[in-house]
Every structure is written in C-alpha cells, then in structure tokens.
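Written out below as structure tokens is the structure these notes cover.
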Amino acid sequence: ELMVKSKRSKVVSKFFGILPIIVSFILFITAWFLAIKIFNIPQYFLPSPKALLIELLDYKLFLRHGGVTLLEAVVGFIVGGGIGFLIAVVLDYSRLLEKSLMPYIIGATNIPIVAFAPVVVIYFGFGVESKMVVAAFISFLDLPSFEEQAFLDTGIPINLATRSLG
C-alpha cells in the first residue's frame, strides 16, 4: 500500500509539474486565435493555428524541405569543420601564423550572421549554396580556436602526434 501511494504521489507531482506548461500553451493558442478574429488579421500575414497545423501535418512537404535543410546544414558543417581543422593544424605548426591570424579569427566570430548572410546571398544567390556557405561560416569560425586550444591542452604538438600515426 505504501508503494502504491508513493507511485501515485509521483504521478500527481509530475502532472502538477507540467500543468503550467499545458495551461500556458492553451492560453497562447487561444490568444492567437482570438487576435486573428478580433483584429481581422489576414491569413497571409498570420495564419491561424488550424491552418498551421494542417500545413505541419502535410508530411511530404515537411520531409522534402526538411531533407534539403538537413543537407545544407550537414554539408556546411562538414566543409566548415574541415577548413577549420586544417587552419587549426596550420596554426599549431606556426606560432607566427597563430599570433597573427587568431585575433582575426576570434574577431570574425563576432560578425553577426544577419550582416554576413545578405552578402553571401548576393554573391551565391538564393539557392542551396548560399545556405551551405552560411552554415560553413558558422561552424568554421569557432573550430580553429577550440581545436588550437585542444592541441595546446594535450601538451603534445600536433606534428609529433601525426608523426606517430605514420
């Protein structure tokens, strides 16, 4: 009997833990629906929750666009990560290059993507390539500094580690 009360109290506790989330979601959807009706907001400006749900349930459209987005992100990360790794290896070999380039690499991480993306779109167009370049840029900027720090933290220069691998 004690075990049943313990399990029951855990279930009740979990329910009351998620209850505010459920209530706030319902209030948000209700306010959204009422705002559209009261202010007569056009469908193209703010679709109703029902219209949004219908579009989300169209899984063929979701899979097609989701697949393209996943491809853009993965290819961008692989390209940016590869370039970032190569730059980190080069910087590990040359302290002069590290001291001269790392401030620019770290400074470039502060470039807002909102400022960088339009330049990429102008140069590469609206296609898949521009999104891959932005994804590569995002992943490229952080990797050289992290990898350079990892090389330094190991205490073994990368040239000795690569030489030991053959």
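When reading the values below, keep in mind they use all heavy atoms of this one structure, side chains included, and skip hydrogens, waters and symmetry mates. Predicted model only: the values in this text are computed from it and were never measured.
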Residue set satisfying side-chain contact (heavy atoms from CB on, under 4.5 Å) with Phe137, at least two apart, ordered chain then number -> Ile111, Ile113, Phe116, Leu141

If two hydrophobic side chains count as joined below 4.5 Å and joins carry through other members, does [X] share a cluster with [Y]?
{"X": "Leu86", "Y": "Phe77", "answer": "no"}
{"X": "Leu46", "Y": "Ile54", "answer": "no"}
{"X": "Ile138", "Y": "Leu71", "answer": "yes"}
{"X": "Leu34", "Y": "Phe39", "answer": "yes"}
{"X": "Ile21", "Y": "Ile26", "answer": "no"}

What distance do [X] atom [atom1] and [Y] atom [atom2] have between them, rounded to the nearest 0.5 Å?
{"X": "Leu96", "Y": "Leu101", "atom1": "CG", "atom2": "CG", "result": "8.5 Å"}
{"X": "Lys50", "Y": "Ile29", "atom1": "NZ", "atom2": "CD1", "result": "14.5 Å"}
{"X": "Tyr104", "Y": "Thr109", "atom1": "OH", "atom2": "OG1", "result": "14.5 Å"}
{"X": "Arg64", "Y": "Thr69", "atom1": "CZ", "atom2": "OG1", "result": "11.5 Å"}
{"X": "Met132", "Y": "Ile78", "atom1": "CE", "atom2": "CD1", "result": "10.0 Å"}
{"X": "Lys14", "Y": "Leu19", "atom1": "NZ", "atom2": "CG", "result": "15.5 Å"}

For a 4.5 angstrom cut-off between non-hydrogen side-chain atoms, does Val79 reach Phe140? no

Using a 3.5 Å distance criterion without hydrogens, assess whether the side chain of [X] forms a donor-acceptor pair with backbone atoms of [Y].
{"X": "Lys131", "Y": "Phe126", "result": "yes"}
{"X": "Trp32", "Y": "Leu27", "result": "no"}
{"X": "Ser100", "Y": "Leu97", "result": "yes"}
{"X": "Ser130", "Y": "Phe124", "result": "no"}

What's the shortest heavy-atom distance between [X] and [Y], and which atoms?
{"X": "Ile36", "Y": "Ser48", "answer": "CD1-CA, 3.5 Å"}
{"X": "Gly80", "Y": "Ser139", "answer": "CA-OG, 3.5 Å"}
{"X": "Ala35", "Y": "Ile41", "answer": "O-CD1, 3.7 Å"}
{"X": "Met102", "Y": "Leu91", "answer": "SD-CD1, 3.4 Å"}

Decide yes or no on side chain to side chain contact (heavy atoms under 4.5 Å, CB included) for Val128 and Val75, but give the supporting numbers first. CA-CA 10 Å; Val128 175; Val75 169; over 6 Å; no

Please test Val120 against Glu129 for side chain to side chain contact (heavy atoms under 4.5 Å, CB included), starting from the C-alpha separation and ending with a verdict. CA-CA 9 Å; Val120 172; Glu129 298 85 7; over 6 Å; no

